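Single-structure report; data block below.
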Amino acid sequence: MVGDRMKNALRTEWMREIRYSIPRFLSILFLVALGVAFFAGIRATEPDMRATVDRQYDDEEFMDIRILSTQGLTEQDVAAVEELDGVKKAEGTYSKDVLCDIGQSEAAIKVYAKPKDINQVHIEDGRDVKKSGECLVDARFAQENEVKIGDTLTLKSGEEDEKLKDSLKKKRYKIVGLANYNYYLTRDRGTTTIGNGKVEGFLVVPKADFQMDVYTDMLVLAEGAKELTTYTDDYEDKVAAVVDNIEEKKGEREQIRYKEIVNEAREEIADAEKEYRKEKKKALRELKKAKNKLEDAKSELDRAKKKLRNAKAELDSAQSRINSGQRDYENGMAQVSSGQKQYEKGLSQYQKGVKEYEKQKEQLDQAKQALDQAIASYGITYEQLDESYGELYTQYQQYLAGAKQLEKAKATLDANKQKLNATRQKLSRSRSQLKEAKNTLASSRAKLKQGKREYQKGVSELESGRKKYQKGLSQYKKEEKKAQKEFKKAEQEIADAKEEVKKIKKGKWYVLDRNKIQSYVEFGQDAERIGAIGKVFPLIFFLVAAMVSLTTMTRMVEKERTQLGTMKALGYSKMQIAGKYLIYAALATIFGSILGALAGEWILPNIII
């Protein structure tokens, strides 16, 4: 009975001790809870991180193996890999590094073809691409560069000797959704050979928008790998077996691809040679045609020159005739002028002679009248008049001499009149002839002028034709030289192409598992580092908790030393007395551990992941 009362009293004592020292009890509890929370949370984070990635990879059918080739991959390569043991699915796809205009700057981004089955992207906002010209954009890239759904991105090639249209149909893409891609588990998007050398983000476009003859990537899913957890040895072994199978096959596929490329190159060279011969024949035919045309033009120019020389001779002859006619006309005009003067002088003399004749005739008529009166006074006739009439007879004889002289003067006047009339008629004919000669000269001058105009036109046309011919000849020589240069260049290019074909080396396949993905490796290393921290870092909290608990319990024992003596005097054993403090510390530790474990496993993984 006494023992039961002592036990009940002791139980009551340590319960009272807890109740009256709640702050002290809770401090120990929370210190233990903090250490356990860090230990449990960090230790749980490593497997949780790997489990989270594994779940994401499984949900989005993320590749187990990626195959690259220096000479590209064909549909036959994909089919050959898909037939290998351990391969669940193989899919050919495209990717391309390009530059994207962002405001006043450029960013290097990677463009992926929209996957069919493998490597699905997770759309955070918006919708999936449905047609050409649409794209999904990296959600982080969109946030950092302030682009949004509905915006249009402009792309361009980052290679100097390559055009974007050789790889993609479009250069402008409209954003229809924001996405995340499990290829990137960290913020780093990798490196590139264009721009500043750093990939800033990614785009996903329709597969049909790529204009490439061969795939750039082949994505492979390993049979049974989905059921295993990534980062584990079982997973690594499963994938390694498939990688070995692909490695065994790749030599055959590399050789096949090499032969395809060489045969294609030889066919292209054969086609190029055929086209070259065809174009050369056509060019030579065109050059010959041009040469013949030039020779015809030269012959035409020579004929035109000869015709112009003849025309010039005719013009010079016509000018000489006109000059001679002009001189004749001027001489004729001088003669007419001289004849006109002589005619006028003769006419004046004739008129003066007529006046003199009329005057003499009048005088003679008066003398006759006087004689008639004298004869009548004598009552005789002129037949009867003789020398006996003395002075009357003399006057009569003078009258007869005057009449005879007057008749002679009249005959002279009549002769002069006839001569003047003949001269006038001759002058009139001369004037008519000179007028006709003048008109003939004017007509000849007009014809000569027209002839000179036509001659000058001919000279101009000849000069124009000569220049045109010279230009054509120069152009012909230039084209001939250019054609010969092009022939030589084409022949050299064909020869170089043949040499390049000889230098073609067999391509190389690169079979890469997830351990060749930078973000995958970094994420796994981060998980391992966190796991390592979980093994060491919580010990510090445990040590601190232990030291604080020891200090607290020591102070508690020192404070209750009198009470401990009383309890010993009352018959309590050392074990019973120590049990009070051990139960006190054990309860704080147990409840703190439970609280810390629950809180740590729920809070820390969510914060870290």
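Everything numeric in this text was worked out from a predicted model, so none of it was measured. Just so you know, residue 1 is the first one in the sequence shown, and it goes up from there.
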| How close do Val214 and Gly72 get, heavy atom to heavy atom, and via which atoms? | CG2-CA, 3.7 Å
| said: Between Gln450 and Arg453, is there a side-chain donor-acceptor contact under 3.5 Å, judged purely by atom types and distance? | reply: yes
| message | Looking at Glu134 and Arg127, is there a salt bridge between them, counting it only when a charged N and a carboxylate O are closer than 4.0 Å? | response | yes
| query | Does any donor atom in the side chain of Asp209 or Ser132 lie under 3.5 Å from an acceptor atom in the other side chain? | reply | yes
| message | Please report the interatomic distance NZ(Lys110) to NZ(Lys96), rounded to the nearest 0.5 Å. | response | 9.5 Å
| field | Lys/Arg-Asp/Glu bridge criterion (N-O < 4.0 Å) met for Glu499, Lys503 | value | no
| request: Indicate whether any N or O donor in one side chain lies under 3.5 Å from an N or O acceptor in the other, for Gln369 and Gln373. | output: no
| request: Go through the structure and list residues passing ring pair (Phe, Tyr, Trp, His ring centres under 6.0 Å) with Tyr173, not counting sequence neighbours. | output: none
| query | Nearest heavy-atom pair of Thr74 and Arg257: which atoms, and what distance? | reply | CG2-NH1, 3.7 Å
| task | Indicate yes or no: does Lys291 engage Glu480 in a salt bridge with an N to O separation below 4.0 Å. | result | no
| said: For the residue pair Asn323 / Gln319, report whether a side-chain donor-acceptor contact shorter than 3.5 Å exists. | reply: yes
| Just checking, any donor-acceptor pair under 3.5 angstrom between side chains of Ser317 and Arg321? | yes
| field | Gln492 and Asp496 side chains, donor-acceptor separation under 3.5 Å | value | yes
| said: To the nearest 0.5 Å, what is the distance between CG on Leu136 and CD on Glu124? | reply: 11.5 Å
| field | Asp77/Arg253 salt bridge by N-O under 4.0 Å criterion | value | yes
| Strictly under 6.0 Å, is that where the ring centroids of Tyr112 and Tyr181 end up? | yes
| task | Would you check if Gln71 and Ile504 make a side-chain contact, meaning some heavy-atom pair closer than 4.5 Å? | result | yes
| message | One thing to verify: whether Glu463 and Arg466 come together as a salt bridge, which I'm taking to mean a side-chain N less than 4.0 angstrom from a carboxylate O. | response | yes
| message | Assess whether a salt bridge exists between Glu454 and Lys457, defined as any Lys/Arg side-chain N lying under 4.0 Å from an Asp/Glu carboxylate O. | response | no
| remark: Hits for ring pair (Phe, Tyr, Trp, His ring centres under 6.0 Å) against Tyr94, two or more places apart or cross-chain, chain-then-number order -> Phe210, Tyr215
| request: Using a strict cut-off of less than 4.0 Å between a Lys/Arg side-chain nitrogen and an Asp/Glu carboxylate oxygen, indicate whether Glu300 and Arg303 qualify as a salt bridge. | output: yes
| said: Could you check whether Asp372 pairs with Lys368 (Lys NZ or Arg NE/NH1/NH2 to Asp/Glu carboxylate O, under 4.0 Å)? | reply: yes
| field | NZ or CZ of Lys280 within 45° of Phe487 ring axis and under 6.0 Å | value | yes
